[in-house]
2 protein chains.
Amino acid sequence: MKKKSKTTTDAVKILHKTFIKDDPKRLASLQEEREKLKIAGQIYQLRTQAGLSQAQLAKLIGTTQSVISRLEDADYNGHSLNMLRRIAGALHYKVEVRLVPENAASARG
Amino acid sequence: MKKKSKTTTDAVKILHKTFIKDDPKRLASLQEEREKLKIAGQIYQLRTQAGLSQAQLAKLIGTTQSVISRLEDADYNGHSLNMLRRIAGALHYKVEVRLVPENAASARG
DNA sequence: AATTTTTATCGCAAATATGCGATATTATAT
DNA sequence: ATATAATATCGCATATTTGCGATAAAAATT
């Protein structure tokens with residue numbers, strides 16, 4: 001395969017088209033979509049930068065390839081912190097969760 | 001009631017006793033405990049700083065008081081991002097998730 | 001101390017995420 | 001083009017979270 005999976009890649013492009021194009025009011029929910037994308041992207045980035053296939057990471061945390069694929073799908077919305085911690089932990093990372101004001105410029109976007 | 005609920009308050013104190021006292025090797029998992037605590041604490045802080053009771057916040061996001069109480073329990077471990085987003089959103093906050101190296105000094109903890 | 005408000009805890013039903021094999025799709029290599 | 005490897009998707013069983021009422025425990029108010 002090439003560098004990036006279709007799902008994760010396309011999501012970036014689809015974002016604007018889907019949420020901004022003709023419905024400026026939906027811009028609010030864009031925030032949420034961005035977060036979802038970021039999570040998928042972060043998992044993908046962590047995994048590939050560690051040089052692992054989905055199957056390898058899956059084995060590492062005791063699950064199967066299809067599960068990892070699902071988590072890296074930008075449209076997937078059901079992330080649990082437990083699962084994120086499992087993935088992060090396997091790669092010597094940790095999960096940071098922050099509740100920040102919607103408007104404020106975030107830590108270092 | 002006083003300022004802080006028993007559960008959330010005590011957790012701070014219990015932490016050291018439980019995880020460090022006689023078992024230095026468990027210090028690793030302390031990271032995870034801290035994260036859990038932070039989430040409970042963040043929800044609590046957000047809610048009280050908004051001047052809401054658990055029942056009021058519950059109604060705001062379409063659930064019941066006992067659910068909020070459960071989420072503010074520092075020992076609770078089953079947070080989902082969906083739930084966090086619901087709470088954050090109701091108070092005009094957003095959820096930021098970051099996977100950061102276990103060792104590195106994080107963004108601005 | 002009695003009343004009222006708020007929070008914690010329990011039990012169980014309903015909703016959602018995970019586990020996982022099978023297979024299709026896509027990419028890479030030959 | 002063929003073979004191989006990686007990823008995406010489907011369906012269904014299992015596990016976990018959420019929903020929610022009831023009640024206990026704790027705190028605030030009078």
Side-chain angles (χ1 to χ4, degrees), chain A residues 1-12 14 32 36-37 39-90 95 97, chain B residues 1-12 14 32 36-37 39-90 95 97:
Chain A
M1 280 194 121
K2 238 190 343 194
K3 218 181 55 178
K4 230 171 178 350
S5 77
K6 187 172 80 63
T7 311
T8 309
T9 306
D10 289 359
V12 172
I14 294 170
E32 186 178 329
K36 291 198 302 194
L37 176 60
I39 291 174
Q42 283 181 80
I43 295 174
Y44 167 83
Q45 193 179 345
L46 226 65
R47 175 177 65 79
T48 54
Q49 119 192 337
L52 299 174
S53 68
Q54 291 183 344
Q56 289 173 317
L57 174 57
K59 190 174 183 183
L60 217 52
I61 69 169
T63 185
T64 54
Q65 176 267 325
S66 61
V67 172
I68 304 297
S69 177
R70 185 163 48 196
L71 294 172
E72 288 184 6
D73 178 355
D75 289 337
Y76 183 67
N77 166 297
H79 300 277
S80 75
L81 288 183
N82 282 329
M83 179 59 86
L84 291 180
R85 288 202 186 101
R86 281 167 65 188
I87 294 176
V95 179
V97 176
Chain B
M1 280 194 122
K2 239 189 340 194
K3 218 180 56 181
K4 231 167 177 349
S5 77
K6 185 173 81 65
T7 310
T8 308
T9 305
D10 289 359
V12 170
I14 293 169
E32 187 179 330
K36 291 197 302 194
L37 176 60
I39 292 174
Q42 281 181 80
I43 295 174
Y44 168 83
Q45 193 179 347
L46 225 66
R47 175 178 66 79
T48 53
Q49 119 191 339
L52 299 175
S53 69
Q54 291 183 344
Q56 288 174 317
L57 174 57
K59 190 174 183 183
L60 217 52
I61 70 169
T63 185
T64 54
Q65 176 266 325
S66 60
V67 172
I68 304 298
S69 176
R70 185 163 47 198
L71 294 171
E72 289 185 4
D73 178 355
D75 289 337
Y76 182 66
N77 168 298
H79 299 278
S80 77
L81 288 183
N82 281 330
M83 180 58 88
L84 291 179
R85 287 201 188 101
R86 284 166 63 189
I87 294 177
V95 179
V97 176

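Throughout, a chain's letter reflects where its sequence line sits, starting with A, and its residues are numbered from 1. Model, not experiment: these values are computed from the prediction.
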- Over all heavy atoms of both residues, which pair between Gly62(A) and Arg86(A) is shortest? Give the atoms and the distance, please. O-NH2, 3.8 Å

- Item | Rounded distance (Å) that lies between atom C1' of dA17(C) and atom CD1 of Ile43(A) | 13 Å

- Only one of Val67(B), Ile68(B), Asp73(B) passes side chain to side chain contact (heavy atoms under 4.5 Å, CB included) with Arg70(B), and that residue is Val67(B)

- Does Tyr76(B) place a side-chain N or O at less than 4.0 Å from the phosphate oxygens OP1/OP2 of dT18(D)? yes

- Closest to the Gln54(B) side chain, choosing from dC20(C), dT7(D), dT7(C): dT7(C)

- Task: Name the nucleic acid region contacted by Ser53(B), choosing base, sugar-phosphate or nothing; use a 4.0 angstrom heavy-atom cut-off, strictly under.
- Result: sugar-phosphate

- Counting heavy atoms from C-beta on, name the nucleotide in dT7(D), dT18(C), dG19(D) closest to the side chain of Ser69(A). dT7(D)

- Determine: side-chain N/O of Thr63(A) to OP1/OP2 of dG19(C), distance under 4.0 Å, yes or no. yes

- Counting side-chain heavy atoms from C-beta on, which of dG21(D), dA22(C), dT7(D) comes nearest to Ser66(B)? dG21(D)

- Item | Glu72(B) backbone acceptor or donor facing Gln54(B) side chain under 3.5 Å | no

- Query: Taking CG from Asp73(A) and C1' from dC10(D), how many angstroms apart are they, rounded to a whole number?
  - Reply: 13 Å

- Rounded to whole Å, the CG-C1' distance (Leu81(B) to dT16(C)) equals 13 Å

- Query: Glu72(A) has an atom CD; how far is it from atom C1' of dA6(D), in whole Å?
  - Reply: 11 Å

- Query: Any side-chain N or O of Asn82(A) less than 4.0 Å from the OP1 or OP2 oxygen of dT18(C)?
  - Reply: no

- Query: Roughly, in whole Å, what's the span from CG in Leu71(A) to P in dT9(D)?
  - Reply: 13 Å

- Any idea which of dT18(C), dC20(D), dT7(D) is nearest the Gln65(A) side chain? dT7(D)

- Specify the separation, in whole Å, of atom CD1 of Ile68(A) and atom P of dC20(C). 12 Å

- Message: If I compare all heavy atoms of Arg85(B) with all of Ile39(A), which pair ends up nearest, and what's the gap?
- Response: NH2-CD1, 3.8 Å

- Query: Shortest non-hydrogen contact from Ala88(A) to Leu46(A)?
  - Reply: CA-CD2, 4.5 Å

- Note on the structure: By nearest-nucleotide position on DNA chain C, the 5'-leaning member of Val67(B) and Ser80(B) is Val67(B)

- Item | dT7(D) OP1/OP2 closer than 4.0 Å to side-chain N/O of Arg47(A) | yes

- Item | Value in whole Å for how far the P atom of dA6(D) lies from CD of Gln56(A) | 7 Å

- Query: Closest to the Arg70(A) side chain: dT18(D), dT9(C), dC20(C)?
  - Reply: dC20(C)

- Task: Rounded off to whole Å, could you give me the NZ-to-P distance for the Lys59(A) and dA6(D) pair?
- Result: 13 Å

